Amino acid sequence: MSNIELDKALFEAAETVRVNAYAPYSNFQVGAAILADDGKIYVGCNVENAAYPVGNCAEPSAIAAMLAGGGRRIKRVYTTGPGATPVTPCGGCRPRIREFADQDVVVVSHGIDGTPLEQTIAELLPHSFGPEFLGR
C-alpha cells in the first residue's frame, strides 16, 4: 500500500472515531489512528472529564487500543481535528507516542479544513528520552 493510500485509510479511521469524542468542555474533538506493527489500524478519540486533567487525549487512547489488540510498535500516526491548522499531538502525548515508535516514524497532523503536516517523532520531540536509555 502506498503512503497516499495508507494516509487515506488512516484519515478515514481517525475521522470516523473523532465524531465519537467526548469533548463537552473544550468542544475540540480529536481523532487518532495508528498503523501498528501487526498491520492493523487502531483508533482513539479524546475523552474529557469534569476533573479536567483526568481526561484522555486521542493518541494515548489509540495506543491503549493498539496494546489491547496485540500491536506493540507504532509504524505511522494520523491525527485529525477541527479547523485549518494541523492538530499536532500535545506535549504530553509526544513522549507517549515515542515510547512505542522509532524516531523516524511519521506523524501526520491534520486540521480537516487545511493541509496535513508530516513530521517524524524526532522532529516533534527532538533530543527525546526514550526506552533505549533504560536498556530497552
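None of the values given here were measured: they were computed from a predicted structure.
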- prompt: Does the pair S26 and Y52 meet the rule for a side chain to side chain contact (heavy atoms under 4.5 Å, CB included), with working shown?
  reply: CA-CA 10 Å; S26 71; Y52 216 74; 3.3 Å; yes

Determine whether a donor-acceptor pair (N or O, by modelled atom type, separation under 3.5 Å) exists between the side chain of [X] and the backbone of [Y].
{"X": "T120", "Y": "V105", "result": "no"}
{"X": "R72", "Y": "L67", "result": "yes"}
{"X": "R96", "Y": "E59", "result": "no"}
{"X": "D37", "Y": "G71", "result": "no"}
{"X": "E5", "Y": "S2", "result": "yes"}
{"X": "T88", "Y": "S109", "result": "no"}
{"X": "D102", "Y": "D104", "result": "no"}
{"X": "Y78", "Y": "D7", "result": "no"}
{"X": "E48", "Y": "Y25", "result": "yes"}

query: Would S61 and C45 satisfy side chain to side chain contact (heavy atoms under 4.5 Å, CB included), going step by step from the backbone distance to the final call?
result: CA-CA 6 Å; S61 295; C45 60; over 6 Å; no

query: Do Q119 and V108 pass the side chain to side chain contact (heavy atoms under 4.5 Å, CB included) test, and can you show the C-alpha distance, the side-chain angles, and the key distance before you say yes or no?
result: CA-CA 7 Å; Q119 295 175 292; V108 181; over 6 Å; no

message: Tell me whether the rings of H110 and F11 are parallel (<30°), tilted (30 to 60°) or perpendicular (>60°).
response: tilted

From [atom1] ([X]) to [atom2] ([Y]), nearest 0.5 Å:
{"X": "E123", "Y": "L117", "atom1": "CD", "atom2": "CG", "result": "8.5 Å"}
{"X": "N56", "Y": "N46", "atom1": "CG", "atom2": "CG", "result": "9.0 Å"}
{"X": "S128", "Y": "R98", "atom1": "OG", "atom2": "CZ", "result": "3.5 Å"}
{"X": "I41", "Y": "E12", "atom1": "CD1", "atom2": "CD", "result": "9.0 Å"}
{"X": "Q103", "Y": "I121", "atom1": "CD", "atom2": "CD1", "result": "7.5 Å"}

Examine [X] and [Y] and state if one hydrophobic cluster contains both, with Ile, Leu, Val, Met, Phe, Trp and Tyr joined whenever side-chain heavy atoms are less than 4.5 Å apart.
{"X": "V43", "Y": "V47", "result": "no"}
{"X": "V30", "Y": "I112", "result": "no"}
{"X": "L10", "Y": "I34", "result": "no"}
{"X": "I63", "Y": "L35", "result": "no"}
{"X": "V107", "Y": "M66", "result": "yes"}

query: Would the number of heavy atoms belonging to other residues, nucleotides or ligands and lying under 6.0 Å from CD1 of I4 be above 12?
result: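 No - once you tally the heavy atoms of other residues, nucleotides and ligands closer than 6.0 Å, there are 12 at most.
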
field: Pair D38 + R73, salt bridge at N-O below 4.0 Å
entry: no

- prompt: Are the charged groups of E99 and R94 less than 4.0 angstrom apart, N to O?
  reply: no

- prompt: So, do V77 and I97 sit near enough that their side-chain heavy atoms are less than 4.5 Å apart?
  reply: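 Contact flag for V77/I97 side chains = yes.
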
Grab the two heavy atoms, one from [X] and one from [Y], that are nearest each other, plus how far apart they are.
{"X": "Y42", "Y": "A65", "result": "CD2-O, 3.5 Å"}
{"X": "T115", "Y": "P86", "result": "O-CG, 3.9 Å"}
{"X": "C90", "Y": "C57", "result": "SG-SG, 3.9 Å"}

